[in-house]
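This report concerns only the one structure given below.
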Amino acid sequence: MRLAPNPNGPWHLGNARMPAVIGTYKHRYDGWMLCRFDDTDPETKRPDPEAYDAILDAISYLGFEPDEVIRASDRLPTYYEHARELIDLGGAYTCSCSAERFSELKNAGKACPHREKSASESRAEFDAMVAGETDPGEFVLRVRTDITHPNPALRDWVAFRVIDTPHPREAASEYRCWPLLDFQSAIDDHLTSITHIIRGIDLQDSAKRQGFLYDYFDWEYPEVIHWGKIRIEAYDVPMSTSSIKGLIEAGDLDGWDDPRAPTLASLRRRGIRGGAITEAMVALGTSTNDADLSISAIYAANRERIDEAADRAFLVRDSIAKTVIGSPETGEPPVHPNHTEWGVREIPVGGAVRIEREDLPPNGERVWLKGLGCVRHTRDAFEFVGTDIDVVREEEVPVVQWVPADDARELLLRTPEGDHEGWAEPGIEDYPPDEVVQFERVGFARIDRQDEDRTVAYFTHS
RNA sequence: GCUCUGGUGGUGUAGUCCGGCCAAUCAUAUCACCCUCUCACGGUGAUGACCGGGGUUCGAAUCCCCGCCGGAGCACCA
């Protein structure tokens with residue numbers, strides 16, 4: 001099996017499907033997995049030098065390690081060698097038609113005059129392309145397929161063209177004659193003994209185009225599965241590397257890990273485990289139909305992974321402070337309701353508390369401050385009523401989270417919908433970055449960093 | 001225009017090749033109830049689908065035909 005990413009930028013959620021499914025199959029069938037960077041276009045889909053490592057890192061985040069990593073841009077001599085062989089076999093010819101001219105001929109099912117030139121002439125012209133002696137557009141190398149094939153997509157396709165823009169990788173910066181995907185990928189799949197290919201339906205005709213090559217070389221084409229695109233609701237931002245890049249450059253997003261971005265870096269920063277993404281992707285299967293991935297599938301898989309281990313904590317967002325009269329000095333809610341052995345958090349009251357504005361009961365009504373007890377809203381304060389839990393069980397007093405009014409920790413919660421300023425219980429500043437906690441009645445969040453006087457957390461999901 | 005390819009509940013998926021065990025699986029979602037000092041976790045229950053129309057057959061999600069709707073390719077992108 002192989003992953004064949006184009007390293008033109010960090011990965012978005014859609015890219016995760018390839019390693020998730022292929023990696024899972026690799027494990028399931030005890031296979032071998034190659035990561036091959038298809039970086040053969042220094043111009044239109046120009047590789048981003050940082051993306052190579054970023055992609056390997058993303059694969060690792062999703063839970064997989066390639067058995068081997070190669071870059072197509074290291075393998076140009078191999079492609080040239082096979083191109084020459086193909087020319088000698090009568091399977092390719094150099095063509096100097098313009099793209100428009102050839103397209104017209106092709107659509108009419110007519111060959112261009114260059115199709116019948118001799119192999120030696122094509123060899124010479126191809127050598128000139130490789131040597132950088134020809135201008136871009138002057139010549140291309142075409143594979144001779146069947147110019148009258150009913151499917152116009154398969155007729156005499158281009159295998160090599162000349163590009164003057166140097167490749168961003170130092171090691172490949174001298175090459176000017178570059179293979180296109182259909183040629184490069186076909187050669188590499190055979191040479192690396194790939195037995196199974198899984199990729200998008202946009203490459204459906206590719207398998208047929210490459211079939212001609214395999215026939216010339218008398219090779220056997222791998223098993224191939226094509227799947228449809230995935231769409232993900234819940235994001236305003238389109239899921240494409242170039243459009244995300246554009247939004248970042250325009251300042252509409254803070255970066256690749258902005259919580260509003262549909263990128264792997266963003267989910268990771270929000271505390272989503274890579275395995276949850278993998279699980280959701282694998283569940284989509286490999287249908288050729290387009291699929292809608294609901295983000296809730298990822299959340300559900302993630303919740304399974306984090307709920308048992310996440311400490312509970314209090315956070316109030318838009319809040320209001322009230323003096324408390326007659327309460328105990330500290331509240332003692334459990335660290336985790338399913339793990340009483342983990343103990344309790346000791347939260348000082350300090351004479352006044354802060355609760356979410358929405359939770360403020362009408363005057364005269366009661367509310368249960370979790371871990372502390374029941375209070376009644378008098379004219380402008382909370383009067384402590386007691387700790388008899390029956391009022392919650394039998395009289396339906398609402399239970400809410402709270403923080404001390406004078407001793408809370410300022411917290412910024414970043415969510416896909418926007419940022420919330422709020423106050424967290426004291427002690428939240430002791431959690432190291434990367435820790436995931438559950439803010440009760442709010443949702444899970446990953447501690448991102450601890451500033452001098454403020455904690456920054458990223459909202460995971462409810 | 002030419003050529004591929006696909007349509008099962010809100011979403012995903014099993015079943016389609018080799019017609020009956022499918023009054024259609026599982027997950028998620030939504031709702032209700034139970035549990036609970038969280039709207040988390042756990043438990044119970046409910047909701048909800050074979051694109052349409054013909055045909056073959058004792059019998060069709062499954063085979064055939066005709067429609068309808070979708071996706072992809074026809075690049076000197078990957």
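The structure presented is a predicted model; accordingly, all values stated were derived computationally and were not measured. Hydrogens, waters and symmetry mates play no part in the numbers below; they use all other heavy atoms, side chains included. In what follows, chains carry the letters A, B, and so on, assigned in the order in which the sequence lines appear, proteins first and then strands, with residues in each chain numbered from 1.
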Would you indicate which nucleotide in [options] comes nearest to any side-chain atom of [X]?
X        : options             : answer
A/Asp41  : B/A78, B/U38, B/G73 : B/A78
A/Arg303 : B/A78, B/A40, B/A72 : B/A40
A/Ala300 : B/A40, B/C76, B/U28 : B/U28
A/Pro150 : B/U3, B/U28, B/C37  : B/U3
A/Asn151 : B/U5, B/U3, B/G12   : B/U3
A/Trp368 : B/A78, B/U38, B/C37 : B/C37
A/Thr40  : B/A78, B/C4, B/A40  : B/A78
A/Glu440 : B/A78, B/C41, B/U38 : B/U38
A/Ala153 : B/U11, B/C76, B/C74 : B/C74
A/Ser287 : B/C74, B/A40, B/U13 : B/U13

For B/C51 and B/U8, measure between their C1' atoms and round to the nearest Å.
->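 Taking atom C1' in both B/C51 and B/U8, they lie 10 Å apart.
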Taking the six-membered ring of A/Phe37, is the NZ or CZ of A/Arg169 close enough (under 6.0 Å from the centre) and on axis enough (within 45°)?
->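 Verdict for A/Phe37: no cation-pi partner in A/Arg169.
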How is [X] classified with respect to the nucleic acid when contacts are heavy atoms under 4.0 Å: base, sugar-phosphate, or nothing?
X        : result
A/Cys97  : base
A/Leu181 : base
A/Val140 : base

Would you kindly check whether a donor in the side chain of A/Lys370 faces an acceptor in the base of B/C37, or vice versa, at under 3.5 angstrom?
->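 Not at all, since no donor on one side and acceptor on the other fall under 3.5 Å apart.
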For A/Arg303, check side chain to side chain donor-acceptor pair (under 3.5 Å) against everything at least two apart and list the hits.
->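 A/Arg303: no side chain to side chain donor-acceptor pair (under 3.5 Å) contacts found.
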Is A/Ser103 near enough to B/A75 that one of its side-chain N or O atoms lies under 4.0 angstrom from OP1 or OP2?
->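 Checking A/Ser103 against B/A75: at least one side-chain N or O falls below 4.0 Å of OP1 or OP2.
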Watson-Crick or G-U wobble mate for B/A49, both contacts under 3.5 Å |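 Checking every strand shown, B/A49 finds no partner, since no pair has both distances under 3.5 Å.
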Above 12 or not: heavy atoms from other molecules or residues under 6.0 Å from CD of A/Glu395?
->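 Atom CD in A/Glu395 is packed in, count exceeds 12.
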Donor on one side chain, acceptor on other, A/Asp189 and A/Tyr221, under 3.5 Å |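 A/Tyr221 and A/Asp189 do not have a side-chain donor-acceptor pair below 3.5 Å.
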